[in-house]
Peer 1: 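Quick one: the structure is below, and I'll ask about it shortly.
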Amino acid sequence: MSRLVVVSNRVATPTETKGSAGGLAVAVFGALKDMGGVWFGWSGDVVSEAVANAGPNLEVDGAVTFATVGLPRRDYDQYYRGFSNAMLWPVFHYRNDLAVYERDEYAGYRRVNAWLAHKLIKLLEPDDIVWVHDYHLIPFAEALRQQGVGNRLGFFLHIPFPSPQILLNVPPHEELVKSLCCYDLLGFQTATDQTAFHDYIVRHVRGTVGPGGQVEAFGRTLRTGVYRIGVFPDEIAEQAERYESRQHVLELKESLEGRKLIMSVDRLDYSKGLVERFRAFEQLLEKAPEWRGNVTLVQIAPPTRSDVDTYQQIRQHLEYEAGRINGRYSGLDYTAIRYLNQRYDRLKLMSLFRESQVGFVTPLRDGMNLVAKEYVAAQNPDDPGVLVLSCFAGAADELTSALLVNPHDITGMSEALQRALSMPLAERKRRHQASMAVLRENNLGVWRDAFLADLRGVPPISEPAPQP
Ligand code: GDG
């Protein structure tokens with residue numbers, strides 16, 4: 001059987017791959033263990049040129065090799081902080097207004113992709129199948145192909161693929177799409193994303209889209225498919241139940257003094273709709289005074305990408321909103337919004353989800369949103385909480401039993417909160433059962449195996465990869 005090579009911007013740590021709650025790193029590592037292979041990418045460290053060039057650093061764990069490289073400061077700034085996170089991330093989340101384009105950052109993005117590809121080639125065997133993850137690595141296959149690699153190359157995009165009119169805002173949009181066409185298989189989270197890619201191919205580069213998502217463009221033929229990422233719901237349910245009587249949950253319960261709890265967990269990112277969410281909660285307290293002092297919103301928001309300006313701005317904005325709303329509605333013994341800028345242990349999060357009556361997940365755009373799925377999975381089936389979910393999360397296609405909201409409609413969201421807080425048990429159970437059935441049918445293993453099966457099915461290019 002072919003080996004598997006996984007390439008992602010960040011390589012998971014050994015602890016993450018052995019975590020018991022079933023995250024993405026665990027699922028990817030599972031496939032690597034079965035097939036044998038390599039997980040290659042950035043170590044997360046900024047290092048000197050000499051140290052970067054001396055890499056990759058190899059760590060062997062059974063049949064799996066973790067191969068990581070550090071990035072010099074300029075590469076980090078241009079490839080990661082610059083083009084990936086200050087240009088591609090905002091535009092792919094429909095926030096052109098926040099995007100910053102610098103030609104030298106784009107050049108750095110391509111240069112780092114080529115350098116990473118060059119590093120990987122030395123570890124690659126001719127029959128390996130290569131699975132590349134996410135927007136940091138769009139030109140990775142092109143760089144491999146230019147260096148003579150004929151292996152099967154697949155790419156999964158974790159974030160939305162924007163509609164063509166939005167993508168046109170990225171000056172080198174055509175080069176990026178051409179680079180994507182160097183893969184053999186492109187995976188998207190939803191049919192909307194796949195269709196947006198197809199539209200671009202047909203309208204802007206006069207390519208063709210055939211049955212089964214086959215694309216012909218730039219002289220290449222490739223497959224495209226929809227692979228909805230999921231969770232392992234039964235493991236999460238079991239973990240959440242096992243942790244429900246732990247100290248942290250008991251302390252939270254005691255501090256709530258019988259008040260209802262709304263839970264939200266997101267990386268602190270402007271795509272997650274946090275400001276609109278706080279305002280919707282404020283409107284609930286304003287328009288439904290019976291809830292004042294009787295419901296608390298816990299927002300866990302660990303900071304990310306804090307050296308990108310737009311992330312500093314969203315953080316300040318949220319601190320202002322949380323302070324303003326708490327100033328208005330908190331009391332001597334009651335805090336309306338508990339806003340926590342910290343990362344919590346995964347198992348703790350799952351047990352807090354189980355303890356709450358509402359999961360409030362309202363991104364302005366999101367490829368999938370795993371928090372929504374984790375929230376559902378963590379519920380007690382005999383007394384489940386209600387998921388209030390943005391229609392702009394990929395997860396909304398599947399979790400149709402959630403209360404779906406438009407995150408720009410503050411009043412609509414506050415009404416959904418009211419409805420969720422007062423929903424009768426029978427309806428809550430019915431919605432929870434329907435959502436759990438969807439999560440079980442399309443769990444994280446199904447996502448992984450479907451993508452890999454399709455990638456294996458791609459006929460290899462005739463020339464073998466050059467030997468190191
Ligand atoms: C990208 C796409 C797509 C969050 N805070 C803490 C914590 N988390 C965990 C959650 C969840 C994960 O991080 C976040 O995943 P999401 O899917 O919600 O969002 P992104 O980070 O934006 O992920 C997204 C995903 O890729 C997968 O394809 O769904 O659309 O944007 O698992 O639980 N985990 C811990 N402490 C925290 O404080 N331990």
Side-chain angles (χ1 to χ4, degrees), residues 1-45 55-71 80 116 119-120 123-125 128-137 140 154-158 187 189 227-240 242-243 265 267 302 304 343-351 367-371 373-374 377-378 439 442-453 455-456:
M1 190 167 75
S2 307
R3 291 194 320 168
L4 173 63
V5 173
V6 174
V7 185
S8 54
N9 172 58
R10 287 292 297 276
V11 175
T13 62
T15 328
E16 283 163 344
T17 60
K18 290 178 185 65
S20 46
L24 175 58
V26 180
V28 170
F29 186 64
L32 279 165
K33 258 194 321 200
D34 291 350
M35 297 168 67
V38 180
W39 194 336
F40 174 78
W42 178 37
S43 61
D45 297 327
N57 184 34
L58 304 181
E59 222 179 298
V60 178
D61 183 346
V64 184
T65 302
F66 292 85
T68 52
V69 286
L71 286 180
Y80 181 74
L116 290 170
K119 290 275 175 199
L120 178 67
L123 305 171
L124 206 56
E125 291 175 8
D128 288 345
I129 66 172
V130 183
W131 186 5
V132 180
H133 291 256
D134 235 358
Y135 60 100
H136 315 87
L137 297 167
F140 193 79
F155 178 84
F156 183 75
L157 183 67
H158 289 259
Q189 297 271 25
Y227 307 89
R228 298 180 178 85
I229 197 166
V231 295
F232 288 117
D234 293 305
E235 278 182 36
I236 292 176
E238 189 259 322
Q239 298 283 355
R242 194 138 52 85
Y243 271 67
V265 176
R267 285 183 306 96
T304 51
R343 190 175 165 80
Y344 279 72
D345 173 75
R346 180 172 168 88
L347 299 178
K348 242 184 210 178
L349 288 183
M350 301 306 133
S351 56
M368 178 55 66
N369 195 297
L370 291 179
V371 170
K373 294 188 170 185
E374 291 161 352
L439 295 187
N442 193 23
N443 73 20
L444 190 51
V446 170
W447 165 80
R448 172 194 66 196
D449 296 344
F451 186 91
L452 288 175
L455 184 54
R456 255 186 228 115

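Index from 1, following the sequence. Given the structure is predicted, the values throughout are model-derived calculations rather than measurements.
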Peer 1: Could you tell me if the side chain of His136 sits less than 4.5 Å from the side chain of Arg10, heavy atoms only?
Peer 2: no

Peer 1: Do you know the tightest heavy-atom contact between Ala67 and Val38?
Peer 2: CB-CG1, 4.1 Å

Peer 1: Which atoms form the tightest heavy-atom contact between Asn442 and Trp447, and what is the distance?
Peer 2: OD1-N, 4.5 Å

Peer 1: Over 60° means perpendicular and under 30° means parallel, so classify the ring planes of Tyr80 and Trp42, tilted if in between.
Peer 2: tilted

Peer 1: What verdict does the side chain to side chain contact (heavy atoms under 4.5 Å, CB included) test give for Thr65 and Leu58, after you've listed the backbone C-alpha separation in whole Å, the side-chain angles of each residue and the deciding distance to 0.1 Å?
Peer 2: CA-CA 6 Å; Thr65 302; Leu58 304 181; 4.0 Å; yes

Peer 1: Within this structure, what is the CG-CZ distance for the pair Asp34 and Phe29, rounded to the nearest 0.5 Å?
Peer 2: 10.0 Å

Peer 1: If you define the side chain from C-beta out and look only at heavy atoms, does anything of Val11 sit under 4.5 Å from Thr68?
Peer 2: yes

Peer 1: Show the numbers, then the answer: is there a side chain to side chain contact (heavy atoms under 4.5 Å, CB included) between Leu4 and Val6?
Peer 2: CA-CA 6 Å; Leu4 173 63; Val6 174; 3.9 Å; yes

Peer 1: Check whether any side-chain heavy atom of Tyr227 lies under 4.5 Å from a side-chain heavy atom of Arg448, and answer yes or no.
Peer 2: no

Peer 1: Would you give the length of the straight line joining atom CG of Leu24 to atom CD of Glu16, rounded to the nearest 0.5 angstrom?
Peer 2: 10.0 Å

Peer 1: Before you tell me yes or no, could you show the steps for Met368 and Gln189 under side chain to side chain contact (heavy atoms under 4.5 Å, CB included), namely the whole-Å CA-CA distance, both residues' side-chain angles and the distance that decides it to 0.1 Å?
Peer 2: CA-CA 6 Å; Met368 178 55 66; Gln189 297 271 25; 3.6 Å; yes

Peer 1: Under the criterion side chain to side chain contact (heavy atoms under 4.5 Å, CB included), I'd like the reasoning laid out for Val130 against Leu124: C-alpha separation, chi angles, the key distance, then a yes or no.
Peer 2: CA-CA 9 Å; Val130 183; Leu124 206 56; 3.8 Å; yes

Peer 1: Got Ile229 and His158 here, is their nearest side-chain heavy-atom distance under 4.5 Å?
Peer 2: yes

Peer 1: Between His133 and Trp131, what is the ring plane arrangement, given parallel below 30°, perpendicular above 60°, and tilted in between?
Peer 2: tilted

Peer 1: Between Phe66 and Trp39, how do the two ring planes meet: parallel, tilted or perpendicular, split at 30° and 60°?
Peer 2: parallel

Peer 1: So which heavy atom on Lys33 is nearest to which on Ala63, and how close?
Peer 2: O-CB, 4.4 Å

Peer 1: Are the side chain of Asn443 and the backbone of Val446 linked by a donor-acceptor contact shorter than 3.5 Å?
Peer 2: yes

Peer 1: Are Asp134 and Asn9 packed together at the side-chain level, in the sense that at least one heavy-atom pair is separated by less than 4.5 angstrom?
Peer 2: no

Peer 1: Measure across Ser351 and Ala240 and return the closest heavy-atom pair with its distance rounded to 0.1 Å.
Peer 2: CB-O, 4.0 Å

Peer 1: Looking only at heavy atoms, what is the nearest atom pair of Asp128 and Leu123, with distance?
Peer 2: OD2-O, 4.2 Å

Peer 1: Return the minimal non-hydrogen interatomic distance between Ser2 and Ile129, and the atom names on each side.
Peer 2: CB-CG2, 4.2 Å

Peer 1: Does the side chain of Phe140 come within less than 4.5 Å of Leu120's, by heavy atoms?
Peer 2: yes

Peer 1: Quick one: does Glu235's side chain have a donor or acceptor within less than 3.5 Å of a partner on Phe232's backbone?
Peer 2: no

Peer 1: To the nearest 0.5 Å, what is the distance between CG on Leu116 and CG on Leu71?
Peer 2: 6.5 Å

Peer 1: Nearest 0.5 Å please: distance from the CZ atom of Arg346 over to the CD atom of Gln239.
Peer 2: 9.0 Å

